[in-house]
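Notes follow the structure.
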There are 2 protein chains.
Amino acid sequence: MSITDLQFNIDRDSKTPMWLQIRNELFNCLYRDELRPGQLIPNEKTLVDLFRVSIGTVRKAVGALEKEGFLIRKQGLGTFVFQHDKSTFHFAYFHFALNGTDEISYPEVEFISFETKKATKYEAKILNIPAGSNVYEIFNKLGINKKNYIVDKIIISQAKFPTLTEEIFINRTNTIYNLYQNKFNIFITNCSEKLKAMSADKTVSALLNIKLDSPILRIERIGQTYHNETIELRTSFVHTNDIDYVNTQNSTFGDTF
Amino acid sequence: MSITDLQFNIDRDSKTPMWLQIRNELFNCLYRDELRPGQLIPNEKTLVDLFRVSIGTVRKAVGALEKEGFLIRKQGLGTFVFQHDKSTFHFAYFHFALNGTDEISYPEVEFISFETKKATKYEAKILNIPAGSNVYEIFNKLGINKKNYIVDKIIISQAKFPTLTEEIFINRTNTIYNLYQNKFNIFITNCSEKLKAMSADKTVSALLNIKLDSPILRIERIGQTYHNETIELRTSFVHTNDIDYVNTQNSTFGDTF
DNA sequence: CAGTGGTCTAGACCACCCT
DNA sequence: GGGTGGTCTAGACCACTGG
């Protein structure tokens, strides 16, 4: 079953523009897993024939999905479904720069621990799983230039990663999101972060080698799929004496009208 | 002197696409202040004649500037230069949501003080002015639902706002960026924020009615113009027990390829 | 109503990539 | 060379806005 065998319903009399209908049909192929991360999608001419529209309309639809981050066009090669990879990790989810610089460094990651435990009430609510379900709790330390500034706690539902083990996690050769994508067929498409200032507790202060009750930045990051299903709760505890969380934006970041 | 009197240089043999050349020519009109915030730009047909290209090419150029946030297209009305206004303030520069919600509330602003002082070394470096120059130091309190969570300290160069007074600042009827734009012809186009966790000092803890040394979030926001001239250093001190700094992003936020 | 931007067509030609 | 996406044309018609 290839995408070119599918039937698409484009209503030429609809109030919804055809390019948007095509965009939505293509998005549904992603949503329903008919187009998978890294896969080459049909070329523009094929889409023109499939949808019986002109090339400009196809290009507008594909362009929308590219702008949204779901497709990647490569001239001379074709159009591909976005996938998580080392080359896409960097800017997408890491926001820290050494004091006085604006350069986002690539962090060094050091594994600390991998445990199975019962979800807390809060974790169960966020992950939308029954209270007391099994979850994996994974700790990592992240650093820049051999100095550790960040402790990361990852909480994911065991039910969604039934075969995950400490060994598989440690021996991955790519990013964590790449592991979710390639080994568990779970694709994180959007993240939301909430930041607070807090005091370092015993665990965190020991791991970061700072005083108990030092002020730290706590980041709760929620990772979701195409279906807006919450997959991962990642809490970062950051000692910000030497680094900053950086957020750059232009004049109309977000919808303003 | 209207924009339609200007001569534009489009090189049809250049390696740079024509739509990008047109985008750059239009951007230069903004940069050189020939098109001003809120102004209606020439309609598409006029641009077609000015640049001697087809409508699709003009639309691609204008679309790029719209995506970048510099122009706003309104069907039936025309295309306008972006301007700072109450309706654009909300999502662009305020990132806080009450605990447990994702809704960015509109903050209440309360004036505290307006002083003239000498710039510190750091302030002078950031604002690119001589050390010891005069700056205005303005304090505000920001709150949500009648509770204050944020102290804002604004530092701007007196030389760039020579006629600004406490009275003018207080009696403005719109946002601060709107005041810069309309009364001082200074247009902030991009902001960069750096966040750290710190301990509240005497001033901040008193203003926010929290204990000395409570952990707070400190945000340094730098506001720049089209010319990448730094205009404003705004430092926010935030008590985050009841609110979160929220940052949402999709899978390819930032350039990843 | 006239004027604006939004959608859509049916191509042509170019730049890029792999073999 | 053959296939891909990128640019560009020269229109037509539609949807929305304000007077």
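Note that these values count all heavy atoms, side chains included, but never hydrogens, waters or copies made by symmetry. Chain letters run A, B, ... following the sequence lines, proteins first, then strands; residues in each count from 1.
- Look at CG on Asp13(A): it is 11 Å from P on dA15(D), rounded to the nearest Å.
- A side-chain donor-acceptor contact under 3.5 Å links Asn185(A) and Asp33(A).
- Few gaps surround CG on Asn171(A); more than 12 heavy atoms of other groups in view lie less than 6.0 Å from it.
- With Gln181(A) contributing its side chain and His84(A) its backbone, the two residues share a donor-acceptor pair below 3.5 Å.
- Applying the ring-ring contact (aromatic ring centres under 6.0 Å, His included) rule to Phe80(B) yields no partners; only residues at least two apart in sequence or on another chain are considered.
- Formation of a donor-acceptor pair under 3.5 Å by the Gln21(B) side chain with backbone atoms of Asp11(B) is found in this model.
- The distance from atom NZ of Lys15(B) to atom P of dG6(D) is 17 Å, rounded to the nearest whole Å.
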Could you run down the sub-3.5 Å N/O contacts of the protein with nucleotides 7-13 of chain D?
residue : atom : partner  : partner atom : Å
dT7(D)  : OP1  : Trp19(B) : NE1          : 3.1
dT7(D)  : OP2  : Lys60(B) : NZ           : 2.6
dC8(D)  : OP1  : Met18(B) : N            : 2.6
dC8(D)  : OP2  : Met18(B) : N            : 3.3
dC8(D)  : OP2  : Trp19(B) : N            : 3.1
dT9(D)  : OP1  : Arg12(B) : NH2          : 3.0
dT9(D)  : OP2  : Ser54(B) : N            : 2.8
dT9(D)  : OP2  : Ser54(B) : OG           : 3.0
dT9(D)  : OP2  : Thr57(B) : OG1          : 2.6

Per-nucleotide protein contact string for nucleotides 14-19 of chain C (B base, S sugar-phosphate only, - none; heavy atom under 4.0 Å): -BBSS-
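- Counting to the nearest Å, the P atom of dT4(D) and the CG atom of Leu71(A) are 16 Å from each other.
- In this structure, NZ of Lys74(B) is placed 9 Å from P of dG18(D), rounded to the nearest angstrom.
- Using modelled atom types, one side-chain atom of Asn43(B) and one backbone atom of Lys45(B) make a donor-acceptor pair closer than 3.5 Å.
- Distance, Asn43(B) CG to dA2(C) C1': 12 Å, rounded to whole Å.
- The distance between the ring centers of Phe96(B) and Tyr245(B) falls below 6.0 angstrom.
- Checked by atom type and distance alone, the side chain of Glu108(B) pairs as donor or acceptor with a backbone atom of Lys146(B) at under 3.5 Å.
- Computed from coordinates, the Arg73(B) CZ to dT17(D) C1' distance equals 17 Å when rounded to whole Å.
- Following rounding to the nearest Å, Leu65(A) (CG) and dG5(D) (P) show an atom-to-atom distance of 14 Å.
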